[in-house]
Amino acid sequence: MLVTSLFFVWGLTMNLVNALNTPFVNYMRLSNAQSSLLQVAYYSAYFVMAIPAGLISRRFGYKGGIISGLALLVAGSFIVAPATSLTSYALFLLAMFVIAMGAASLEANCNPYITKLGDEKGESFRLNLAQSFNGIGTVVGPLILGGILSTTVAPGEGGFDAAKTKFLGDTRSIYLTMGIVLAVVLLVFVLVKLPTPPGDDDGNQPAAAGGTLRDLLRRPYFTLGVIAQFLFLGIQTGGMAMFSAYALKHWGAGITTGLATTLLSVMALLFTLGRFITTPLMARFDPAKILGWYMLAGAALMVVVFLGLGRLSVIALLVSFLFVSIGYPTIFSLTLRGTSGAAAKTGSSIVVMSIVGGAVIPFILGMIQDAAGIEAAMLAMVPLFLYDAWYAFFGSRIGLG
């Protein structure tokens, strides 16, 4: 229960960062390229921190990795205070980078901990259940910011400087509150003894303990799973990034930027519901097969999106995230099947590094959108769905002992 609560934490921090893009453009007068540095700072930290997080857990156990992640989250949250007081965007980017390093450390440790804390048959079930609370965090983050922005003075009312000061003050309050709460959570984890997963010696694992990258690459299903996760993060991030623009183009009469934002919240809600609805099914049916059929359904819906059938295509894009929902945790657990101890920790670090797909693929999709239109960019996601479907049905079994 304690570890599962942390899934909510990094879901909250991730979507809070995503929701800050437009306000920062407005109140700090940034270009779109400058505002995108928020995502660059956040997702690049995952790539940078994944391996160190795995090394920490190998030396000090999953608990040590979780504590280090919480400490970084607390530190990053408190850095926001001087960043907003000095109106320093560079310092705010540093704060987001530190927060994301903490989130990366939590992901690199909590995901394999939940996966391996029990019998192998229930791995996907346990991780999808825990990741459902991550989905709640992704919904709550934008809602918190939305509530604050609704009370913030508009730039035309009372002057731009007053509006900017109010926004930065509210942002500072969010992160200071989060830092204080997480400091308490950190203290709890320092004091509590966590159970050790089967096959794990709770730290002090040397590099030669059967968990080297070379050992893992000898398992084809692991390498194919890392690729599947990289592509999946592109689907998830790219779909959400392009949704508002697609809805504004295809919804029809009555669509506004506000309604498009509301529909994006509906997409996040469907994403979360998909996890809660599907997780019980994994106790009865093969999680790999469920994932395979879900990815095929997502590919079919994306073809409907490509056809540009007005409101029907927008609804198809919304519904696709019901099926996207289980992708990350299920691919994660399939990729780590048959591992334990040092191998599970090293493997988790590599899978967490693949989150960089959430930055790389949306950039490629953006270039396709500029060159051939948003419909072509949506169609370009179909092969990604199909690869993940193939991995679920076949690739996840190649080399599995």
Any side-chain heavy atom of Phe92 sitting closer than 4.5 Å to one from Thr171?
yes
Restricting to non-hydrogen atoms, name the atom on Leu216 and the atom on Thr346 that form the minimum distance, rounded to 0.1 Å.
CD1-CG2, 3.7 Å
Any idea how Phe321 and Phe271 line up, ring-wise: parallel (<30°), tilted (30 to 60°), or perpendicular (>60°)?
tilted
I need the Met381 CE to Ile361 CD1 distance, nearest 0.5 Å.
10.0 Å
How many angstroms lie between atom CD1 of Ile277 and atom CD1 of Ile326, to the nearest 0.5 angstrom?
11.5 Å
Taking the side chain as C-beta and beyond, is there a heavy-atom pair between Val74 and Ile180 under 4.5 Å?
no
Approximate separation, where rounding is to 0.5 Å, of Leu55 CG and Phe60 CZ
11.0 Å
Taking atom CG of Leu224 and atom CG of Asp388, what is their separation to the nearest 0.5 Å?
11.0 Å
Arg311 versus Ala253, closest heavy-atom pair with distance:
NH2-O, 3.5 Å
Got Lys249 and Ile374 here, is their nearest side-chain heavy-atom distance under 4.5 Å?
yes
Would you find a donor on one side and an acceptor on the other, under 3.5 Å apart, between the side chain of Thr237 and the backbone of Gly234?
no
Please lay out, stage by stage, how Phe78 and Leu176 fare under the test side-chain contact (heavy atoms from CB on, under 4.5 Å).
CA-CA 6 Å; Phe78 287 145; Leu176 283 176; 3.7 Å; yes
Would you indicate whether the side-chain heavy atoms of Leu334 and Leu291 approach each other to under 4.5 Å?
yes
To check you understand the geometry: which heavy-atom pair defines the closest contact between Met378 and Leu317, and what is its length?
CE-CD2, 3.7 Å
Could you tell me whether the side chain of Val314 reaches within less than 4.5 Å of the side chain of Val305, counting heavy atoms only?
no
Rounded distance [0.5 Å steps], SG in Cys110 versus CG in Leu2:
10.5 Å
Please find the pair of heavy atoms, one from Ser313 and one from Val304, that lie closest to each other, and give the distance.
OG-O, 2.8 Å
State, yes or no, whether a side-chain contact exists between Phe243 and Leu318 at a heavy-atom distance under 4.5 Å.
yes
Quick check: does any side chain N or O of Arg275 sit under 3.5 Å from a backbone N or O of Leu322, one acting as donor and the other as acceptor?
no
Start with the C-alpha distance between Tyr175 and Thr84, add both sets of side-chain angles, then the distance that settles side-chain contact (heavy atoms from CB on, under 4.5 Å), and finish with yes or no.
CA-CA 10 Å; Tyr175 281 98; Thr84 50; over 6 Å; no
Are the side chain of Ser349 and the backbone N or O of Ala50 linked by a donor-acceptor pair below 3.5 Å?
yes
Please determine whether the number of non-hydrogen atoms from other residues, nucleotides or ligands lying under 6.0 Å from atom CZ of Phe276 exceeds 12.
yes
Decide whether Gln236 and Tyr328 meet the rule of one side-chain donor and one side-chain acceptor closer than 3.5 Å.
no
Checking ring-ring contact (aromatic ring centres under 6.0 Å, His included) between Tyr294 and each of Phe285, Phe323, Phe385, which is the one that passes?
Phe323
Quick check: closest heavy atoms across Ala53 and Ala108, and the distance to 0.1 Å?
CB-CB, 3.8 Å
What distance do Ile114 atom CD1 and Ser333 atom OG have between them, rounded to the nearest 0.5 Å?
12.5 Å
Is the shortest side-chain heavy-atom distance between Thr279 and Phe125 below 4.5 Å?
yes
Would you find a donor on one side and an acceptor on the other, under 3.5 Å apart, between the side chain of Tyr221 and the backbone of Arg337?
yes
Does one side chain, of Ser68 or Ser105, offer a donor that lies under 3.5 Å from an acceptor on the other?
yes
Plane angle bin for Tyr387 and Trp390 - parallel if under 30°, tilted between 30 and 60°, otherwise perpendicular:
tilted
What closest approach, in Å, do Tyr113 and Pro195 show between heavy atoms, and which atom pair accounts for it?
OH-O, 2.6 Å
Using side-chain contact (heavy atoms from CB on, under 4.5 Å), reason through Val382 and Phe306 one step at a time and then give a plain yes or no.
CA-CA 10 Å; Val382 171; Phe306 161 70; over 6 Å; no
Does any N or O in the side chain of Ser325 come within less than 3.5 Å of the main-chain N or O of Thr272, such that one atom is a donor and the other an acceptor?
no
When you look at Thr278 and Thr330, which way does the side-chain contact (heavy atoms from CB on, under 4.5 Å) test go after all the steps?
CA-CA 11 Å; Thr278 308; Thr330 308; over 6 Å; no
Is there a side-chain contact between Ile66 and Leu106, using heavy atoms and a 4.5 Å cut-off?
yes
